[in-house]
**Q** 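Would you mind keeping the following structure in view while I ask a few things?
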Amino acid sequence: MNLLRGRTSRTGCIGRTGRTGWLPTKTRAAAPMVAGIAALAWISGSWILGPFSPRTRSVSIGAPSSGSSVHALALLQSAARVPSSAADFELPGTQPGALLDPLGAARDCRGCHAGTSFQRTDQREADEVGFSWAGSMMAHAARDPVFLAALDIANADAEGAGVLCLRCHAPRAFLAGRADPPGGTALRAEDRDGIECDMCHRLVDPRLPDGHPAPDAQIVAALDAVPLEPGNGAWVIDPADRRRGPRDIRGEWPASPHVNGGFPLASSFHTDSALCGTCHDVSNPLLQWDDERGSYWRGPLKQPLAEQAGARPFPVERTYSEWRLSAFNEPGGVSSPTFGRTVSTCQDCHMPPAPGAAGQYFGEMVGRPDVASHALVGGNTWVPRVLLADPRTADEIDETARLALITGTIQAREMLGRAARMEVERVGPALIVTVTNESGHKLPTGYPEGRRMWLEVEGRDAAGAIVFRSGAWDAETGVLRGSEDGASANGSDADPQLQVWQAKQGLTPAWASEVGLSPGASFHFVLNNVWLSDNRIPPRGYQLDAFRSVDAAPITGAVVDPDRYVDGQHWDVVRYVIPRHVTFGSVRLRYQTASKAYIDFLADASPNALDPDARGPRLRRLWAQTGRSEPVTMTQADFGAGASVDEHPLFLPWALR
């Protein structure tokens, strides 16, 4: 199948799934063609990976002890661990300098796309387009302090790697050439608004489906290389200021409310999950599968991935593919018990419809029953607190956006509550907990950095005293007992029955030696070359072979695990052995945005770790000041009187049947 097309020579290229297609190339412009790995990671996503124990290479400052001092000293070096270049990150699509009209600032849109609720009785302020977007993580993608701390480490790991991150977190800056230098120091204040209105509303569907806007064919034909499958942040943007949306509004307005841009073009792409897939299926072009080594390895230096026939880049994120291969993508979608309606596309859940008006022009507006919310809610309930607590970012956020961030956090809690159902059954000394995934992708999903979901169980005796506990999180230290956050040397923090859903990436021994790090679990997302584990709960419609084909299968011991979930299974069953004198108790499904281990990594592995005001160390202080990313209870069930019954007994392990 032709995945990419153009007007000149054809060479092998990788699409969303890591399979080979065709990419046409011709003489490239001087502006670098780069890709985005850190694609909106903080809207939806997952997990905790593991500790970082790098091997020092070129710097020796005294005799470092173990722990964080080693982390700091190891990265005080002038050269990146991998000598990459802009050519290593070239991707098809719209390139820097290609726009005739630069992307506009979101502040120019909010005047008309806000304030509608004050004139209507059927609309909440929280559902206004401008207000809801201002409270989204999209609106703060390039000022997100977690992203910025990770950006420093990415650039220290691979030369220029930050450009691929800035492509998706600061697209206006990227297209204007302000992603150089790759540390983001050239970004303007308005660039830090991240994924703004023009970015999405000037997107072109490179597949050119029937009924596409008239200018799109010419736009696509003019590209050097055309991405025909979603993924890797390889987007196509109208070079002129022609906006697009899901409706044709010409018959509703005597003149376009967009004085400069004309009437918006009706685009089916804006109700298609493939638009979201543009940045939510991600592979690392730096690393490719090497048959001889039997692992992912660094490809040829200074050679674009597209010019390496048969190359298969390292899979980082597969949220879009998880949805595409789920029952939600089947005709009719899924009648969701938690959403209370039928849902199918990404937009159905993350941009739910509500009555009101999308905008107003001098008080004129068109009311609709189904205006899409632009809150783009995921599961991030902590970063908004940091944005408002840090003077560096708070000063850039006006009062309306502050209120919107708080509202968006509340909506994120609600979204997490709709993502899963839980049932608990007591059978003698066994407590059987069933967690059902109600989302349209893995639970959790997204980029595997610092997020996780776990069960917290409390069992009480007849007097009400707690006599059994698993999954306890310490608010004073931010440590999850028994997890990678750091168990005590004497084993006092052990929790042998702890159940955590997460994915772990890492480095193979040979590759770790090559880049001067320790093998095993790692948060170095630019360098990780192996999936060590992935026990996240799949969505409805899960089929092992289909998920394996897009590098999204369950992983145990660094290999695909066909027994972890059987075909059709979108729940997990956990069995606890509890004391017989437990008479009642509760089980909570907990979700955390940023683990202690990840925050410690961002501080200790920072190339500026010895500077207390650098991004990583500063973030750790803010993490402590804002509740240490306190986990959210997604759902809760009690056991004892009125305990629920497991509705999936056939999928219990054989030993429990």
Side-chain angles (χ1 to χ4, degrees), residues 4 15-16 33-36 39-40 43 91-96 98-106 108-109 113 129 133 136 138-139 141-142 166-176 191 193-249 258 261-282 319-320 323-324 345-347 350-351 358 372 374 376:
L4 304 127
R16 176 191 65 251
M33 300 170 67
V34 294
L40 312 178
I43 296 177
L91 278 186
T94 305
Q95 305 305 320
L99 300 187
L100 300 174
D101 299 318
L103 295 182
D108 297 332
C109 302
H113 290 283
V129 170
W133 172 84
S136 71
M138 292 271 199
L166 290 167
R167 176 181 183 119
C168 277
H169 278 257
R172 182 148 64 102
F174 171 80
L175 289 165
D191 293 335
D193 284 345
I195 296 84
E196 300 174 279
C197 314
D198 264 16
M199 169 58 192
C200 290
H201 286 280
R202 281 170 61 176
L203 281 175
V204 171
D205 188 344
R207 302 167 301 177
L208 298 176
D210 292 341
H212 62 76
D216 290 3
Q218 183 177 356
I219 293 169
V220 171
L223 295 171
D224 289 346
V226 183
L228 288 188
E229 291 206 6
N232 259 28
W235 21 251
V236 178
I237 298 176
D238 193 328
D241 185 10
R242 290 174 294 212
R243 300 157 205 180
R244 291 156 171 75
R247 295 184 174 92
D248 185 352
I249 67 169
H258 297 140
F263 276 102
L265 302 173
S267 165
S268 61
F269 195 37
H270 288 73
T271 57
D272 190 333
S273 292
L275 182 146
C276 307
T278 301
C279 281
H280 287 279
D281 254 15
V282 182
T319 299
Y320 171 73
W323 166 86
R324 184 175 60 84
T345 65
C346 305
Q347 291 89 334
H350 297 282
M351 301 182 70
H374 282 56
L376 299 154

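Just so you know, these numbers use all the heavy atoms, side chains as well, and skip hydrogens, waters and symmetry mates. All figures in this text were calculated on a predicted structure; none of them were measured in a lab.
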**Q** Can you tell me how far apart SG (Cys276) and CG (Leu376) are? Round to the nearest 0.5 Å.
**A** 8.0 Å
**Q** What's the separation between atom NE2 in His374 and atom NE2 in His350, rounded to the nearest 0.5 Å?
**A** 14.5 Å
**Q** SG of Cys168 to CE of Met138: how many Å apart, nearest 0.5 Å?
**A** 9.5 Å
**Q** For a side-chain contact (heavy atoms from CB on, under 4.5 Å) check, start with the C-alpha distance between Ile249 and Phe263, then their side-chain angles and the critical distance, and finish with the verdict.
**A** CA-CA 7 Å; Ile249 67 169; Phe263 276 102; 3.9 Å; yes
**Q** Can you sort out the partners of Ala217 under side-chain contact (heavy atoms from CB on, under 4.5 Å), two or more places apart, ordered by chain and number?
**A** Leu208, His212
**Q** Just jot down the ring pair (Phe, Tyr, Trp, His ring centres under 6.0 Å) partners of His270, sequence neighbours excluded, or say none.
**A** His201
**Q** How long is the span from the CG atom in Asp281 to the CD atom in Glu229, to the nearest 0.5 Å?
**A** 9.5 Å
**Q** Is there a donor-acceptor contact under 3.5 Å from the side chain of His258 to the main chain of Pro264?
**A**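 No.
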**Q** Measuring only between side-chain heavy atoms, which start at C-beta, is Ser267 closer than 4.5 Å to Pro246?
**A** no
**Q** Apply side-chain contact (heavy atoms from CB on, under 4.5 Å) to residues Val282 and Tyr320 and explain how you reach the verdict.
**A** CA-CA 9 Å; Val282 182; Tyr320 171 73; over 6 Å; no
**Q** Between Asp272 and Arg207, is the closest basic N to carboxylate O distance under 4.0 Å?
**A**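 Looking at Arg207 and Asp272, the cut-off is met.
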**Q** How long is the straight-line distance from OG1 of Thr278 back to CG of Asp205, given to the nearest 0.5 Å?
**A** 8.0 Å
**Q** With sequence neighbours excluded, tell me which residues meet side chain to side chain donor-acceptor pair (under 3.5 Å) with Arg172.
**A**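 Once residues adjacent in sequence are excluded, the partners of Arg172 under the side chain to side chain donor-acceptor pair (under 3.5 Å) criterion are Glu196.
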**Q** Which residues pass the side chain to side chain donor-acceptor pair (under 3.5 Å) test with Thr94, not counting sequence neighbours?
**A**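 Thr94 satisfies side chain to side chain donor-acceptor pair (under 3.5 Å) with no residue once adjacent residues are dropped.
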**Q** Is any side-chain heavy atom of Leu265 closer than 4.5 Å to one of Pro215?
**A**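 They are in side-chain contact.
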**Q** Can you name the side-chain contact (heavy atoms from CB on, under 4.5 Å) partners of Cys200, sequence neighbours left out?
**A** Ile195
**Q** Quick one: side-chain contact (heavy atoms from CB on, under 4.5 Å) partners of Thr345, sequence neighbours excluded?
**A** Ser273, Gln347, Asp348
**Q** How far does CE of Met351 sit from CH2 of Trp133, to the nearest 0.5 angstrom?
**A** 12.5 Å
**Q** Taking only distance into account, with no hydrogens and no angle test, what donor-acceptor pairs under 3.5 Å do side-chain atoms of residues 234-242 form with protein atoms, sequence neighbours excluded?
**A**
residue: Trp235; atom: NE1; partner: Gly233; partner atom: O; Å: 3.3
residue: Asp238; atom: OD1; partner: Ala240; partner atom: N; Å: 2.9
residue: Asp238; atom: OD1; partner: Arg242; partner atom: NE; Å: 3.4
residue: Asp238; atom: OD1; partner: Arg242; partner atom: NH2; Å: 3.0
residue: Asp238; atom: OD2; partner: Arg242; partner atom: NE; Å: 2.9
residue: Asp238; atom: OD2; partner: Arg244; partner atom: NH1; Å: 2.9
residue: Asp238; atom: OD2; partner: Arg244; partner atom: NH2; Å: 2.9
residue: Asp241; atom: OD1; partner: Arg243; partner atom: NE; Å: 3.1
residue: Asp241; atom: OD2; partner: Arg243; partner atom: NH2; Å: 3.1

**Q** Give me the atom names and distance for the closest heavy-atom approach of Gly194 to Ala141.
**A** CA-CB, 4.0 Å
**Q** Answer yes or no: is there a donor N or O on one side and an acceptor on the other, between the side chain of Gln218 and the main chain of Ala214, under 3.5 Å?
**A** no
**Q** Which residues satisfy the side-chain contact (heavy atoms from CB on, under 4.5 Å) test with Ala142, sequence neighbours excluded?
**A**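 With neighbours one apart ignored, the set is Ala170, Leu187, Arg192.
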**Q** Does the side-chain contact (heavy atoms from CB on, under 4.5 Å) test come out yes or no for Leu99 and Arg202, once each step is laid out?
**A** CA-CA 11 Å; Leu99 300 187; Arg202 281 170 61 176; 4.2 Å; yes
**Q** Heavy atoms, side chains only, cut-off 4.5 Å: are Pro92 and Val226 in contact?
**A**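 Of all side-chain heavy-atom pairs linking Val226 with Pro92, none is under 4.5 Å.
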